[in-house]
Structures are given as C-alpha cells and as structure tokens.
Amino acid sequence: MPLSSMETPPAGLEMKSILEVMKSTGAITEGHFLLTSGRHSGVYLEKFRLLENPEILDDVGRLMAEAFGEEETDVVLGAAVGGVLLSYATARVLKKRGIFAERVDGRLDLRRGFVLHQNERVLIVEDIVTTGGSVEELIQVVEGHRARLVGIACLVDRTEKGVDFGHLTKPLLRYPSVSWESRDCPLCKSGIPIESRGRTGKEEES
C-alpha cells in the first residue's frame with residue numbers, strides 16, 4: 001500500500017495528503033499503460049493534473065523547500081518539462097535562483113545562459129522518480145560544473161525500494177509502482193486495451 005513519506009501532512013494542500021490531492025485531481029489513473037521505457041503498468045501518474053493548479057504548485061514548492069530548509073542552498077535545479085515548474089516554485093520559497101536543464105543531443109544540459117558556478121550549493125528537484133535516470137543526469141550536470149549538491153527533493157518516488165543516488169533524497173510521497181515487460185504483462189494476457197501517454201517525455205521514466 002502506498003505510503004506518504006511524511007507521517008503528518010504539513011499545513012497547506014487543504015490539510016490533505018499528497019496522495020489524496022493526486023487522486024482528487026486525476027493525477028493518478030488506473031488502467032493499462034505503455035510507459036516510455038516500453039514497460040507496461042496498471043497505474044499512470046500524470047503530474048500535470050497536479051502542477052497545473054497554481055495553488056497546489058505553490059504548496060508543493062513550499063514542501064520541497066521546507067524539506068531542505070536547514071540546508072544552505074544557492075540555486076534550485078530541475079529538468080524540463082515538469083521540473084521547470086517545480087524549480088521555480090521551490091526557488092521562490094527559498095528566495096534563490098531557479099534554473100532548469102534541457103536535453104541536448106539526448107542528454108540533459110544547461111542552456112539559455114543558465115550557469116552553475118563552482119562550489120554553488122544546488123538543490124535538485126524532480127517530479128516523478130521511476131528509474132532515477134533523469135536525476136542521475138542532473139547530478140552529472142552539477143558535478144560537471146564543480147558545484148555542490150545539497151540534496152534531491154522529488155514529488156513522487158515510484159521505485160520499489162527507493163533509489164540510492166548517493167545524496168540526501170526526500171520524496172514528498174512514496175508510491176511504489178509495479179511494471180512489466182510486455183511479454184510478462186498480466187494486463188495484456190487479460191486482453192485489457194493498452195494506452196500510451198506522456199510520449200513527449202516521461203512517466204514516465206525519470
């Protein structure tokens with residue numbers, strides 16, 4: 001059973017837990033879905049049903065900022081597309097710079113004049129962590145600019161046991177996912193039609 005990583009939901013979000021808000025906004029959908037990795041899943045998370053609401057986005061940014069409130073941070077870094085919203089929402093609370101990385105030749109990198117200076121303290125923010133691949137790339141961006149990684153805040157951690165990035169990681173919600181290779185998918189064997197969503201980026205396999 002999915003559990004929130006916070007035993008007592010913080011103030012805001014109308015006193016609801018992240019999980020309740022995601023369900024009420026339609027951010028959690030059950031069915032039969034093709035993920036961008038090619039794997040199949042019975043649950044799809046569409047974070048934009050959550051992030052399209054400015055008040056909820058502000059609350060999520062506040063929760064991420066509060067999770068690392070005791071850490072010194074100079075800049076908040078996310079990855080396009082969902083991480084753009086999260087980086088600015090979190091940075092606004094921390095009153096720091098908010099920047100994002102984009103894919104260049106298949107890899108995440110800084111564009112648009114964004115820079116990380118040597119020894120700057122960076123907080124990475126991510127929306128949904130399923131495999132951890134995008135976060136690993138963001139860590140490489142930080143290290144490649146000789147900046148210092150404060151930690152990683154994510155909206156939802158979908159991994160079964162949690163991903164060890166080698167740095168302090170704090171999800172707002174733990175929602176372990178089950179996915180299968182197409183040949184092993186019980187939903188396929190049951191003849192349930194499959195849907196393909198999020199083809200521009202993820203469920204997404206971040």
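All values derive from a computational prediction rather than experimental measurement.
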inquiry  = Does Asp58 form a salt bridge (Lys or Arg N to Asp or Glu O under 4.0 Å) with Arg92? I'd like the steps, not just the answer.
reply    = CA-CA 9 Å; Asp58 285 346; Arg92 183 168 56 221; 2.3 Å; yes

Do you know which two heavy atoms are closest between [X] and [Y], and how far apart they sit?
X	Y	answer
Arg111	Val104	CD-CG2, 3.4 Å
His32	Pro193	CB-O, 3.3 Å
Ala80	Glu102	CB-CG, 4.0 Å
Ser41	Ser179	CB-CB, 4.3 Å
Lys23	Ile28	CG-CD1, 4.0 Å
Phe165	Thr169	CD1-OG1, 3.5 Å

Next item on the list: Check step by step if side chain to side chain contact (heavy atoms under 4.5 Å, CB included) holds for Ile56 and Leu51.
Entry: CA-CA 7 Å; Ile56 294 177; Leu51 303 182; over 6 Å; no

- Matching residue for Val76 among Val150, Val93, Ile99, Val125 - test: side-chain contact (heavy atoms from CB on, under 4.5 Å):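 It is Val125, the one option of Val150, Val93, Ile99, Val125 that forms the side-chain contact (heavy atoms from CB on, under 4.5 Å) with Val76.
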
Self-check item: Candidate list Leu86, Leu85, Asn53, Val21, test side-chain contact (heavy atoms from CB on, under 4.5 Å), partner Val60, passing option
Solution: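 When side-chain contact (heavy atoms from CB on, under 4.5 Å) is applied between Val60 and each of Leu86, Leu85, Asn53, Val21, only Leu86 qualifies.
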
Rounded distance [0.5 Å steps], [atom1] in [X] versus [atom2] in [Y]:
X	Y	atom1	atom2	result
Thr25	Glu46	OG1	CD	10.0 Å
Ser196	Tyr44	OG	OH	8.5 Å
Asp127	Leu172	CG	CG	11.5 Å
Leu155	Glu126	CG	CD	9.5 Å
Asp74	Asn119	CG	CG	9.5 Å
Arg39	Asp184	CZ	CG	8.0 Å

*Under 4.0 Å between a Lys/Arg side-chain N and an Asp/Glu carboxylate O for Glu120 and Arg97?*
yes

Review point. Should the pair Glu52-Arg49 be classified as a salt bridge under the 4.0 Å nitrogen-to-oxygen rule?
Key: yes

Can you confirm whether Glu181 is buried at CD, in the sense that more than 12 heavy atoms of other residues, nucleotides or ligands lie under 6.0 Å from that atom?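 Yes, CD of Glu181 has more than 12 neighbouring heavy atoms, counting only those of other groups under 6.0 Å.
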
Margin query: Take a 6.0 Å sphere around CD of Glu30 and say whether it holds more than 12 heavy atoms from other residues, nucleotides or ligands.
Written below: no

- Message: Under 6.0 Å between ring centres: does that hold for His117 and His145?
- Response: no

Is there a path of hydrophobic side-chain contacts, each under 4.5 Å between heavy atoms, that joins [X] and [Y]?
X	Y	result
Trp180	Ile192	yes
Leu108	Val115	no
Leu187	Val178	yes

- So Phe100 and Tyr88, would you call those rings parallel, tilted or perpendicular, with 30° and 60° as cut-offs? perpendicular

Would you indicate whether the side-chain heavy atoms of [Y] and [X] approach each other to under 4.5 Å?
X	Y	value
Leu94	Phe68	no
Leu173	Asp157	no
Val75	Arg121	no
Cys188	His40	yes
Leu110	Leu77	yes
Glu71	Leu123	no
Arg103	Ser134	yes
Leu19	Tyr175	yes

Check: Which is it for Leu63 and Ile18 under the side chain to side chain contact (heavy atoms under 4.5 Å, CB included) test, yes or no, and what are the steps along the way?
Finding: CA-CA 10 Å; Leu63 295 180; Ile18 297 291; 3.8 Å; yes

Leu34 vs Glu195, test: side chain to side chain contact (heavy atoms under 4.5 Å, CB included). Steps then yes/no.
CA-CA 6 Å; Leu34 174 64; Glu195 297 182 54; over 6 Å; no

Q | Side-chain donor or acceptor of Lys96 paired with backbone N/O of Ala91 under 3.5 Å | A |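 Looks like no, no N/O pair under 3.5 Å.
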
Test your reading of the model: is there a side-chain donor-acceptor pair from Glu20 to the backbone of Ser17, 3.5 Å cut-off? yes

Taking it one step at a time, do Glu137 and Arg107 satisfy salt bridge (Lys or Arg N to Asp or Glu O under 4.0 Å)?
CA-CA 7 Å; Glu137 288 187 61; Arg107 299 291 297 176; 3.7 Å; yes

Self-check item: Verdict with supporting geometry, Ile124 and Ile139, side chain to side chain contact (heavy atoms under 4.5 Å, CB included)
Solution: CA-CA 8 Å; Ile124 288 176; Ile139 292 174; 3.9 Å; yes

